[in-house]
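These notes are about the structure you will find just below.
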Amino acid sequence: WDRSARELMEAGFNMILPNVLRAGVAHYPSELLPTSDTFLEYGDQMLQCVRAAHKYGLEVHAWKMNWNLEGAPRQFKAELREAGRMQVSRTGDSIDWLCPSHPENVRLELGSLVELAERYSVDGIHLDYIRYPGTEGCYCDNCRQRFSRTVPQSVSVGPNSRYPG
């Protein structure tokens, strides 16, 4: 981190956007999320980044991937799936994304951001993946109920009826 921060400063950069936090894994010791293999091998990446960057006058804007569980440990995803916290495709299959309508997922996402901001002197947080994965998510019961309350006409059929084939 020190060499990278120094070289970035010398090249005229003024900030670093390290990808250190996802919906299902952190590159630092988190009380809410599993830690990454990178953390286990190289230590607290957020602490190392902030120290090096600030030493060279660079801002640190932590990059947070929301909802997407890419890179999360298999066991963590299995626990979320068992608890009904994953998004559901239109065919009823689980998708490796947290469902944003589930209150525990909202608490997890917000909690991980608060934890990061309170623990490290970051200058900002960049939120990525603040969206659904596309037309395939989410069709869980909670999302379908919210949709039905929002749409002015009655929806009596499942989401598959809206797609050809």
Side-chain angles (χ1 to χ4, degrees), residues 1-88 94-134 136-138 140-143 145-147 150:
W1 282 108
D2 191 79
R3 187 192 83 225
S4 295
R6 180 180 44 78
E7 289 178 2
L8 287 168
M9 180 270 305
E10 290 171 353
F13 286 81
N14 64 358
M15 79 168 56
I16 298 176
L17 289 116
N19 188 345
V20 294
L21 180 61
R22 296 173 179 250
V25 68
H27 295 305
Y28 57 86
S30 173
E31 294 179 17
L32 302 172
L33 296 169
T35 53
S36 68
D37 291 340
T38 301
F39 165 76
L40 295 175
E41 186 170 347
Y42 300 106
D44 187 335
Q45 296 301 291
M46 196 70 250
L47 180 63
Q48 293 174 46
C49 176
V50 168
R51 283 183 178 166
H54 288 172
K55 174 181 172 182
Y56 292 101
L58 301 171
E59 291 184 1
V60 176
H61 293 245
W63 183 353
K64 163 76 163 92
M65 289 180 61
N66 297 271
W67 312 121
N68 186 319
L69 290 167
E70 178 184 322
R74 192 174 299 197
Q75 179 62 34
F76 185 68
K77 289 192 285 190
E79 291 168 7
L80 293 169
R81 189 172 291 110
E82 180 68 27
R85 294 175 55 183
M86 304 285 268
Q87 287 195 36
V88 176
S94 179
I95 300 173
D96 283 352
W97 283 58
L98 292 173
C99 175
S101 73
H102 196 292
E104 288 299 316
N105 292 343
V106 173
R107 281 191 277 282
L108 178 63
E109 290 288 57
L110 292 175
S112 67
L113 291 168
V114 170
E115 177 184 66
L116 176 73
E118 288 180 346
R119 190 173 291 176
Y120 302 97
S121 58
V122 295
D123 301 288
I125 298 176
H126 172 84
L127 303 177
D128 198 2
Y129 283 75
I130 301 288
R131 59 178 174 79
Y132 287 88
E136 284 300 309
C138 176
C140 73
D141 290 340
N142 286 330
C143 286
Q145 288 170 9
R146 285 185 21 210
F147 178 80
T150 305

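Owing to the predicted nature of the structure, the values given are computational and were not obtained by experimental measurement. Index from 1, following the sequence.
- Considering CD of Q87 and NE2 of H102, their distance stands at 12.5 Å, rounded to 0.5 Å.
- In this structure, I95 CD1 and R81 CZ are separated by 10.5 Å, a value rounded to the nearest 0.5 Å.
- For R6, the CZ atom counts as densely surrounded, since its 6.0 Å shell holds more than 12 non-hydrogen atoms of other residues, nucleotides or ligands.
- Side-chain contact between S101 and C138: absent, with no pair of heavy atoms (C-beta onward) separated by less than 4.5 Å.
- Closest approach of G24 to A72, counting heavy atoms only: O-CB, 3.5 Å.
- Here R22 contributes atom CZ and E70 contributes atom CD; the two are 4.5 Å apart, rounded to the nearest 0.5 Å.
- Distance CG/L32 to CD/E115: 4.5 Å, rounded to 0.5 Å.
- For L33 against S112, the heavy-atom pair with the smallest separation is CD1-CB, 3.9 Å.
- Between the CZ atom of R107 and the CD atom of E104 there is a distance of 4.0 Å, given to the nearest 0.5 Å.
- Side-chain contact between W1 and P18 is present, with heavy atoms from C-beta onward closer than 4.5 Å.
- Proximity of a side-chain donor or acceptor of N105 to a complementary backbone N or O of C99 within less than 3.5 Å is detected.
- In terms of modelled atom types and a separation under 3.5 Å, the side chain of Q45 and the main chain of G43 share a donor-acceptor contact.
- A distance-only check finds a donor-acceptor pair linking the side chain of Q48 to the backbone of Y42 [under 3.5 Å].
- Within the 4.5 Å cutoff, the side chain of N19 has no heavy atoms near those of the D128 side chain.
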Which atom pairs, one a donor and one an acceptor, fall under 3.5 Å between side chains of residues 53-60 and the rest of the protein, sequence neighbours left out?
residue : atom : partner : partner atom : Å
H54     : NE2  : D123    : OD2          : 2.9
K55     : NZ   : D2      : OD1          : 3.0
Y56     : OH   : D2      : OD2          : 3.1
E59     : OE1  : H61     : NE2          : 2.7

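- Using a 4.5 Å heavy-atom threshold, the side chains of M46 and V122 count as touching.
- Shortest non-hydrogen contact noted between D44 and Y120 is OD2-OH, 2.6 Å.
- Summarising the geometry of L113 relative to L127, their closest heavy-atom pair is CD2-CD2, 3.8 Å, with the distance given to 0.1 Å.
- Under the 30°/60° scheme for interplanar angles, the aromatic rings of Y129 and W97 are found to be tilted.
- Looking at heavy atoms from C-beta onward, C49 lies in side-chain contact with I16 at the 4.5 angstrom threshold.
- At a threshold of 4.5 Å between non-hydrogen side-chain atoms, the residues E109 and K64 count as touching.
- Taking CG from L80 and CG from L108, the interatomic distance works out to 7.5 Å, rounded to the nearest 0.5 Å.
- Between A117 and I125, the closest heavy-atom pair is CB-CD1, 4.3 Å.
- Relative to the six-membered ring of F76, R74 misses at least one condition, a distance below 6.0 Å or an angle of at most 45° to the axis.
- Listed by chain and residue number, R119 satisfy the salt bridge (charged side-chain N to carboxylate O under 4.0 Å, His left out) test with E31 (two or more places apart in sequence, or in another chain).
- With a 4.5 Å cut-off on side-chain heavy atoms, W63 and L21 do not count as touching.
- Residues L116 and A62 share a closest heavy-atom pair of CD2-CB, 3.5 Å.
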